[in-house]
Novice: 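Starting off with a structure, shown below.
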Amino acid sequence: MNVSVVGSGYVGSSVAACFADLGHDVVAIDIDEDIVERLNAGESPIHEPGLPELIAEHAGGRLRATTEHAALAETDLTVLALQTPSREDGSIDLGVIEAGLRDVGEVLAEKEGYHVVVVKSTVIPGTTDERFVPILEEASGKTAGEDFDVAVNPEFQSQGSAVDDFLHPDKVVWGTTGDERTLALLEELYDPLVTPQDVPVVRTGRREAEMIKYANNVFLASKLSVINELGNICKQFDVDSYEVAEAIGLDDRISEQFLRSGVGWGGSCFPKDTDALRAAARTSGYEPTLLDAVVGVNDGQPRRMLELLDDHVDVAGKRVAVLGLAFKPGTDDIRGSRAKLVIEGLLDRGAEVAAYDPTAAADAMADLYPDVDYVASAEEALEGAHGALVVTDWDEFAALDEAFEAMAAPVVVDGRRIVEPRDGITYEGLTW
Ligand SMILES: NC(=O)C1=CN([C@@H]2O[C@H](COP(=O)(O)OP(=O)(O)OC[C@H]3O[C@@H](n4cnc5c(N)ncnc54)[C@H](O)[C@@H]3O)[C@@H](O)[C@H]2O)C=CC1
Ligand SMILES: O=C(O)[C@H]1O[C@H](OP(=O)(O)OP(=O)(O)OC[C@H]2O[C@@H](n3ccc(=O)[nH]c3=O)[C@H](O)[C@@H]2O)[C@H](O)[C@@H](O)[C@@H]1O
């Protein structure tokens, strides 16, 4: 089928390439000319394993990109993958997505035939019913449910494994009003994915689909804060929290996944989604006390890391290595990265920070912290350092060995349990 994807960032570019790979003709629309040029040149606009290969294979064939929203008129269905960032107070900022919806609505005004707009962005329950549908009706002059429809289809892919997650999902969620034409188009869109793998499809209402996305992310973030708090308590009692996690993970009701404790969860979504849901809950008159604590524990982890370093060295005026800047391995994204709090803590202490990440994450970090020395290798960061803080679990940090010998004071505080303790270094695990 002919599909348009509006927004070709982290989600949109992988979703567009994956739908093309599933056999659809896809046009990716973005206002960023650089992204459009790269996609049309067969290049990935982001660092994401497997994505360059898919884009190279389909660009110029089933995948094309444009800055012109008018292209969506030639498609049956438009997937919206626009950003929904946080405002200062943590609440969701709908400015970009609402502007994008107006662009879409203006094209729908001219289009003949039924069209479905699929909201893939993460939005607070009720947003599609109460804000998006009226915007589309006003911009198009048409009636939802008659001339066009809006469905909610949240995305559960993780950065660093987005392509694999998209092509092998645990579930697919379709929030609709129950309109048969809309469901038929969603079935056609997802059939090449769900039928061969028998993927569970959750057919639900739009508000429920919106909430399912938050519940999924906030539950996982909460699970991490629980294991981080347990890890902090383990450290007090000289207990290895990873042994504890391995044992409790054998209980199917707990499950082994998302039990890696350490410097905490970051990323483009866990922080913004927990904040947005807390803010929305408060506005609705409900105090989300547990979720407040979930965020509180998370914010405390980088501080604990710095305090562990303080126990061994006074870092004022000394070089300290920060290993890893991306919020997780497999991505160059620094949104919500714990490295920011770690760097800020070190700069506050008057340390000279030498930071390394294997991806282009350093370029983005340099805009925020220009005084940090961004170096080209972990070895270079460690050379002459009076301490090393391991923030991202990149595999290459596990392979570091003799590099620690070049440190001026070999104190390693590991926030991800990626470095092996060894003779010659003072090793502190954050939660073990
Ligand atoms: N990043 C992730 O892994 C995941 C993100 N999500 C959700 O998906 C949504 C998108 O997130 P990201 O892809 O990370 O955002 P992003 O910021 O990487 O991408 C958004 C893209 O939309 C483009 N854009 C902005 N206005 C436009 C317009 N009017 N017309 C066309 N393009 C426009 C921007 O240039 C940008 O390339 C968010 O709601 C997020 O919460 C959901 C699951 C995973
Ligand atoms: O809405 C989103 O954007 C996405 O958010 C997360 O995906 P993502 O943030 O890309 O990556 P995760 O693997 O979930 O990691 C998030 C953070 O948790 C941390 N984490 C993860 C797992 C773990 O055991 N311990 C741990 O500290 C990671 O280091 C990272 O900082 C969810 O896992 C996806 O399902 C969701 O679609």
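Whatever order the structure lists ligands and atoms in, that order sets their numbers, starting from 1.
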Novice: Any idea how W174 and Y190 line up, ring-wise: parallel (<30°), tilted (30 to 60°), or perpendicular (>60°)?
Specialist: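 Tilted.
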Novice: Counting only heavy atoms and a distance below 4.0 Å, can you name the residues contacting ligand 1?
Specialist: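 If the criterion is a heavy atom under 4.0 Å, then ligand 1 touches V6, G7, S8, G9, Y10, V11, I29, D30, I31, D32, I35, H69, A81, L82, Q83, T84, V96, G100, D103, S121, T122, E155, Q157, Q159, K213, S268, C269, K272, R335.
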Novice: Salt bridge check: are D89 and R87 linked by an N-O gap of less than 4.0 Å?
Specialist: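 No.
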Novice: Can you confirm whether the side chains of D414 and W432 place a donor and an acceptor under 3.5 Å from each other?
Specialist: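 Not at all, the side chains of D414 and W432 share no donor-acceptor pair under 3.5 Å.
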Novice: Report the residues that fulfil side-chain hydrogen bond (donor to acceptor under 3.5 Å, both in side chains) with S8, sequence neighbours left out, ordered by chain and then residue number.
Specialist: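 Not a single residue meets the side-chain hydrogen bond (donor to acceptor under 3.5 Å, both in side chains) criterion with S8.
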Novice: Hey, are R206 and D149 close enough for a salt bridge, meaning a charged N less than 4.0 Å from a carboxylate O?
Specialist: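 A salt bridge is present here (some side-chain N lies under 4.0 Å from a carboxylate O).
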Novice: Any ion pair linking R417 and D240 (charged N to carboxylate O, less than 4.0 Å)?
Specialist: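 A salt bridge is present here (some side-chain N lies under 4.0 Å from a carboxylate O).
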Novice: Exactly which residues line ligand 2, taking a heavy atom under 4.0 Å from it as the test?
Specialist: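 These residues qualify: E155, F156, Q157, S158, Q159, K213, N217, L224, F258, L259, R260, G264, W265, G266, C269, F270, F327, K328, R416.
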Novice: Ignoring hydrogens and angles, state whether a donor on the side chain of E344 or Y369 is under 3.5 Å from an acceptor on the partner side chain.
Specialist: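 Side chains of E344 and Y369: pair found under 3.5 Å.
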Novice: Under a 4.0 Å threshold between the charged nitrogen and the carboxylate oxygen, would R278 count as salt-bridged to D275?
Specialist: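 Here D275 pairs with R278 in a salt bridge, since their nearest N and O are under 4.0 Å apart.
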Novice: Taking only residues at least two apart or on different chains, which pairs with a member in residues 42-89 satisfy ring pair (Phe, Tyr, Trp, His ring centres under 6.0 Å)?
Specialist: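 Listed by first then second residue: nothing to list.
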